[in-house]
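Report on one structure; see the data block that follows.
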Amino acid sequence: QVQLVESGGGLVQPGGSLRLSCAASGSIFSINFMGWYRQAPGKQRELVTTITSSGNTNYADSVKGRFTISRDSAKNTVNLQMNSLKPEDTAVYYCNAVVQSFGLVYKTYWGQGTQVTVSS
């Protein structure tokens with residue numbers, strides 16, 4: 001009923017920038033929470049950043065000062081601006097959202113992921 005589609009991943013050199021987007025579609029009454037996670041090869045999935053419906057944000061220590069999350073509530077979209085990228089940022093990035101359906105049920109959804117590779 002709800003789909004999350006990420007875009008914007010790719011290959012970038014160290015110090016470069018990328019902008020990821022995640023668009024939610026389907027039977028959506030409201031979105032309470034959206035965020036980004038990432039998973040590198042051989043590592044567990046980790047939280048990168050989150051944003052609430054009120055606009056409050058949180059960032060992992062490893063990305064503070066370099067990444068910025070934002071949302072467009074009217075379009076049910078969340079963006080991740082990534083600057084000063086490091087090889088350690090290489091991972092598959094996943095969009096996450098907690099969605100309230102028209103039946104007033106809350107459920108967590110995940111996107112399929114988009115690959116970010118930082119390499120010279």
Side-chain angles (χ1 to χ4, degrees):
Q1 291 185 336
V2 176
Q3 300 82 40
L4 303 180
V5 180
E6 302 101 332
S7 62
L11 175 65
V12 65
Q13 295 183 359
S17 299
L18 284 174
R19 183 176 177 86
L20 306 183
S21 295
C22 174
S25 62
S27 300
I28 300 172
F29 179 75
S30 65
I31 300 178
N32 291 351
F33 171 97
M34 298 189 78
W36 290 93
Y37 290 71
R38 67 185 182 186
Q39 187 167 23
K43 299 180 65 177
Q44 295 184 359
R45 187 173 300 185
E46 64 177 352
L47 177 66
V48 178
T49 178
T50 62
I51 186 167
T52 69
S53 59
S54 62
N56 292 325
T57 59
N58 287 287
Y59 296 91
D61 289 340
S62 59
V63 305
K64 286 181 178 178
R66 300 188 298 119
F67 291 10
T68 303
I69 188 172
S70 61
R71 67 181 297 175
D72 185 339
S73 297
K75 298 180 179 180
N76 290 327
T77 299
V78 64
N79 301 306
L80 180 64
Q81 179 66 45
M82 305 186 295
N83 299 325
S84 302
L85 284 163
K86 306 175 181 179
E88 300 94 298
D89 296 318
T90 297
V92 177
Y93 284 71
Y94 296 91
C95 179
N96 169 265
V98 177
V99 178
Q100 185 180 28
S101 70
F102 287 98
L104 305 181
V105 175
Y106 292 89
K107 188 174 181 179
T108 299
Y109 293 90
W110 292 91
Q112 293 298 307
T114 184
Q115 177 71 48
V116 173
T117 302
V118 184
S119 176
S120 60

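Alongside V5, the hydrophobic cluster contains no other residue (criterion: ILVMFWY side chains under 4.5 Å). Applying the under-4.5 Å side-chain rule to Ile, Leu, Val, Met, Phe, Trp and Tyr, the cluster around V98 extends to F33, Y106.
M34 CE to T52 OG1: the interatomic distance, rounded to the nearest 0.5 Å, is 12.5 Å. Note: Q3 CD to S27 OG = 8.5 Å, rounded to the nearest 0.5 Å. In this structure, the separation between CG on L11 and OG1 on T90 is 8.5 Å, given to the nearest 0.5 Å. For the atom pair OH of Y93 and CD of E6, the computed distance is 12.5 Å after rounding to the nearest 0.5 Å. Taking CG of L18 as the reference point, atom OG1 of T114 lies at 8.5 Å (rounded to 0.5 Å). For the atom pair CD of Q1 and NZ of K107, the computed distance is 7.5 Å after rounding to the nearest 0.5 Å.
Contacts classified as disulfide (SG to SG under 2.5 Å) and involving residues 84-120 (residues at least two apart or in different chains) are given here: C22-C95. Residue pairs meeting the ring pair (Phe, Tyr, Trp, His ring centres under 6.0 Å) criterion with at least one member in residues 34-75, sequence neighbours excluded: Y37-W110.
No more than 12 heavy atoms of other residues, nucleotides or ligands lie within 6.0 Å of CD in Q112, so this atom counts as exposed by the packing criterion.
There is no path of hydrophobic side-chain contacts, each under 4.5 Å, that joins V92 to V118. L85 and L20 end up in the same hydrophobic cluster when Ile, Leu, Val, Met, Phe, Trp and Tyr side chains are linked at under 4.5 Å. Following chains of ILVMFWY side-chain contacts shorter than 4.5 Å, one can reach Y109 starting from I51, so the two form part of one hydrophobic cluster.
Residues A40 and A91 share a closest heavy-atom pair of N-CB, 3.8 Å. In this structure, R38 and S62 approach most closely via the heavy-atom pair NH2-OG, 3.4 Å. Annotation for A24 and I31: closest pair CB-CD1, 3.9 Å, computed over non-hydrogen atoms.
Qualifying salt bridge (charged side-chain N to carboxylate O under 4.0 Å, His left out) partners for K64, counting only residues two or more places apart in sequence or in other chains: D61.
No side-chain donor-acceptor contact under 3.5 Å links T117 and S119.
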Counting only pairs under 3.5 Å, give me each side-chain donor-acceptor contact of residues 77-84, with atom names and distances, residues two or more places apart or in other chains.
residue, atom, partner, partner atom, Å
T77, OG1, K75, O, 3.0
N79, OD1, S21, OG, 2.8
Q81, OE1, R19, NH1, 3.4
Q81, NE2, N83, OD1, 3.0
N83, OD1, S17, OG, 2.9

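Although no hydrogens or angles enter the test, the distance criterion places a donor-acceptor pair under 3.5 Å between the side chain of T49 and the main chain of N58.
Between S73 and S53 there is no side-chain heavy-atom pair separated by less than 4.5 Å.
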